[in-house]
Amino acid sequence: MIGSVKGTRDLLPPETRVWGRVEETAREVFALHGFEEVRTPVLEPTELFVRTVGEATDIVHKEMYTFVDRGGRSVTLRPENTAGVARALVEHGLVQAAGVRKLWYAGPQFRYERPQKGRYREFRQIGAEVLGAADAATDAELLVMLFDFLGRLGFTGLAVSLNSVGTQECRPAFVEALRAYLEPFAGRMGDDDLRRLKDNPLRVLDTKDPAVKEVLPGAPQMVDHLDPASRAHHEELLALLSDAAIPFRIEPRLVRGLDYYTRTVFEVTAGGLGAQDALLGGGRYDRLVSDLGGPRTPGIGFAIGEDRLVDVLPQAFREEALASFAPVALVAIEPADRPSALALARTLRAAGISVDLDPAGKGPGAALKAAGKRGCRRAVLLGQREREAGTAVVKDLVERTQAEVPQAELTAYLKG
Ligand code: AMP
């Protein structure tokens with residue numbers, strides 16, 4: 001037997017019904033907010049992520065699926081989707097056009113992480129990006145959209161964790177202050193944090209090492225080093241969120257593990273999820289497009305971990321999604337009944353009823369059992385007697401009841 005690659009998994013029915021409903025809901029809500037779908041390649045030039053996500057990040061440093069293709073190019077399975085979206089917009093000249101672009105995506109991402117519960121090497125993200133708008137109102141609107149989406153999935157107790165990481169201009173002074181604070185603690189750091197301390201001290205704030213975490217509460221805070229414009233942006237966002245009744249808390253050490261962020265960074269958490277309560281992360285990236293050779297174009301976006309989202313999905317949404325697939329099994333009793341069954345299936349499908357036409361010949365007993373296993377909740381049986389009477393027998397496989405219904409009334413009966 002050939003198994004799947006470590007850290008990847010198959011998503012199978014009926015679970016795929018849940019994934020499908022989540023994605024349909026995303027499409028619906030994002031469209032209501034004026035977002036259109038974008039699909040970018042899974043495979044990108046390695047350089048794209050080195051330049052944007054950043055060399056000192058864990059993602060680029062040790063988690064990328066990078067290989068040299070047969071043409072000698074270094075390519076990488078995308079570890080995230082924002083860089084790809086920005087690349088595509090620059091490549092197609094779509095950020096030159098004046099105005100705001102609102103795009104969303106859903107798809108697999110790849111990171112060579114240690115597989116553990118909820119962390120995979122192939123995982124899926126649903127995300128959205130707004131390009132061409134720099135104001136705090138755009139940040140607020142994006143968060144409002146997220147609350148709308150997560151609310152429709154049934155999540156409660158939602159809150160935004162928020163910070164500002166400033167700009168490339170004001171950050172260096174903060175980074176040096178942070179380095180000066182952290183250096184005396186180098187003795188308690190492992191190789192990873194020592195490397196971060198040297199290359200990009202900001203990344204030490206992401207540490208998972210309890211001994212290093214211990215000293216972070218005393219560290220200098222970015223919010224105290226913001227330039228006036230970044231501070232005004234941050235404060236305006238807080239005011240807008242208050243107005244919109246979006247609960248938030250300021251997390252002075254939230255930096256998120258990607259280097260391209262400027263100003264706003266955030267996570268959204270839901271109630272009742274325990275320590276790992278973040279459903280998504282995001283932030284503003286006002287330099288990303290220009291770093292990729294495009295015109296100066298501010299942007300902001302988020303990425304939801306779909307695996308995690310589905311894992312902690314409220315029960316009511318999950319159950320509704322599972323129940324959403326319930327075709328009617330159409331069983332021809334004898335091979336001679338098959339042509340009539342085919343014709344009846346076409347009529348029902350044309351009326352919008354999902355029909356699973358059973359191969360004839362198994363005998364009704366076996367056919368009904370198999371239909372139940374496939375998730376059918378009702379069956380329509382057609383035999384010689386029904387054909388002659390112009391009727392069909394409808395069986396409810398759950399309630400174990402049955403009724404003989406004239407074929408002319410079957411559509412209405414099944415829809416009722
Ligand atoms: P990031 O792209 O690192 O900002 O992460 C955004 C979201 O993607 C996180 O909140 C996680 O839910 C999800 N995520 C990131 N890495 C993984 C992974 N290896 N497996 C599953 N979900 C992930």
Side-chain angles (χ1 to χ4, degrees), residues 4-11 15 19 22-23 26 40 42 44 48-49 52-54 56-65 76-86 104-129 139 142-143 146-147 149-150 153 155 158-163 165 196 200 202-203 205-208 251 253-270 273-285 288 299-313:
S4 60
V5 171
K6 184 173 178 188
T8 70
R9 58 188 182 143
D10 302 304
L11 302 176
E15 191 60 11
W19 285 74
V22 166
E23 287 156 17
T40 62
V42 165
E44 294 277 4
L48 175 65
F49 305 111
T52 58
V53 174
T57 60
D58 276 1
I59 294 178
V60 171
H61 187 73
K62 54 183 186 186
E63 293 174 358
M64 292 208 302
Y65 275 91
T76 294
L77 297 180
R78 64 183 182 201
E80 59 96 55
N81 221 145
T82 300
V85 170
W104 71 272
Y105 60 82
Q109 319 293 334
F110 301 83
R111 294 182 197 173
Y112 198 82
E113 290 189 69
R114 193 167 60 80
Q116 47 185 306
K117 197 185 170 310
R119 301 299 279 188
Y120 306 96
R121 288 181 174 171
E122 182 195 35
F123 60 100
R124 292 144 191 97
Q125 287 185 334
I126 299 176
E129 316 287 350
D139 305 17
L142 196 69
L143 287 163
L146 269 170
F147 270 59
F149 172 56
L150 296 171
L153 300 184
F155 284 101
L158 294 168
V160 187
S161 301
L162 203 64
N163 193 19
V165 293
R196 294 185 183 119
N200 185 351
L202 217 55
R203 297 270 75 85
L205 299 178
D206 284 335
T207 187
K208 284 161 196 112
E251 292 279 354
R253 282 182 296 282
L254 182 70
V255 286
R256 314 256 339 116
L258 304 111
D259 276 357
Y260 52 62
Y261 286 133
T262 50
R263 293 190 172 159
T264 309
V265 291
F266 60 84
E267 291 182 345
V268 174
T269 57
L273 299 186
Q276 292 219 324
D277 54 359
L279 294 172
L280 62 98
R284 179 161 276 292
Y285 45 82
L288 180 61
I300 182 167
F302 62 78
I304 304 171
E306 198 179 353
D307 301 77
R308 170 128 186 86
L309 190 73
V310 169
D311 194 35
V312 297
L313 205 56

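Counting starts at 1 for both ligands and their atoms, following the listed order.
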Practice task
Would you indicate whether the side-chain heavy atoms of Val22 and Ile126 approach each other to under 4.5 Å?
Solution key: yes
Handout entry: Leu280 vs Leu150, side-chain contact (heavy atoms from CB on, under 4.5 Å): CA-CA, chis, key distance, verdict
Key = CA-CA 11 Å; Leu280 62 98; Leu150 296 171; 3.9 Å; yes
Handout entry: Minimum-distance protein heavy atom relative to atom 20 (N) of ligand 1
Key = Tyr120 N, 3.0 Å
Fill in the blank from the handout: Of Arg114, Arg203, Arg196, Arg111, the one forming a salt bridge (Lys or Arg N to Asp or Glu O under 4.0 Å) with Asp58 is Arg196
Problem - Numbered atoms and elements of ligand 1 in range of Glu113, under 4.0 angstrom, heavy atoms - result: 16 (N), 17 (C), 18 (C), 19 (N)
Handout entry: Non-hydrogen side-chain atoms of Leu202 and Tyr261 separated by less than 4.5 Å
Key = no
Handout entry: Ala303 neighbourhood, listing ligand 1 atoms whose heavy-atom distance to it stays under 4.0 Å
Key = 6 (C), 7 (C)
Exercise for the section: Using a 4.0 Å heavy-atom cut-off, say whether Gln125 meets ligand 1 through its side chain, its backbone, both or neither. Expected result: side chain
Problem - Candidate pair Arg256 and Glu267, rule salt bridge (Lys or Arg N to Asp or Glu O under 4.0 Å), full reasoning - result: CA-CA 9 Å; Arg256 314 256 339 116; Glu267 291 182 345; 2.7 Å; yes
Problem - Full working for salt bridge (Lys or Arg N to Asp or Glu O under 4.0 Å) between Asp311 and Lys117 - result: CA-CA 10 Å; Asp311 194 35; Lys117 197 185 170 310; 3.3 Å; yes
Problem - Where ligand 1 meets Leu280 - atom numbers and elements under 4.0 angstrom, heavy-atom basis - result: 10 (O)
Fill in the blank from the handout: The closest protein heavy-atom partner of atom 23 (C) of ligand 1 is Phe123 CD1, 3.4 Å
Practice task
Using a strict cut-off of 4.0 Å, indicate which atoms of ligand 1 neighbour a heavy atom of Leu258.
Solution key: 4 (O)
Problem - Nearest-neighbour protein heavy atom for atom 13 (C) of ligand 1, which is reported as residue plus atom name and distance - result: Gly305 CA, 3.5 Å
Practice task
Could you say whether the N/O atoms of Asp307 and ligand 1 ever approach to under 3.5 Å?
Solution key: no
Fill in the blank from the handout: Logged contact type for Gln109 with ligand 1, heavy-atom cut-off 4.0 Å, is neither
Practice task
With atom 2 (O) of ligand 1 as the reference point, say which of Arg121, Arg119, Glu80, Arg111 has the nearest heavy atom.
Solution key: Arg111
Problem - Side chain proximity check, Leu279 to Phe155, heavy atoms < 4.5 angstrom - result: yes
Handout entry: Lys/Arg N to Asp/Glu carboxylate O, Arg263 vs Asp139, below 4.0 Å
Key = no
Fill in the blank from the handout: The closest protein heavy-atom partner of atom 1 (P) of ligand 1 is Arg256 NH2, 3.3 Å
Practice task
Look at atom 21 (C) of ligand 1 and say which protein heavy atom is nearest, naming residue and atom and giving the distance to 0.1 Å.
Solution key: Gly118 O, 3.2 Å
Practice task
Might you work through the side-chain hydrogen bond (donor to acceptor under 3.5 Å, both in side chains) test for Thr40 and Asn81, ending with a clear yes or no?
Solution key: CA-CA 8 Å; Thr40 62; Asn81 221 145; 2.9 Å; yes
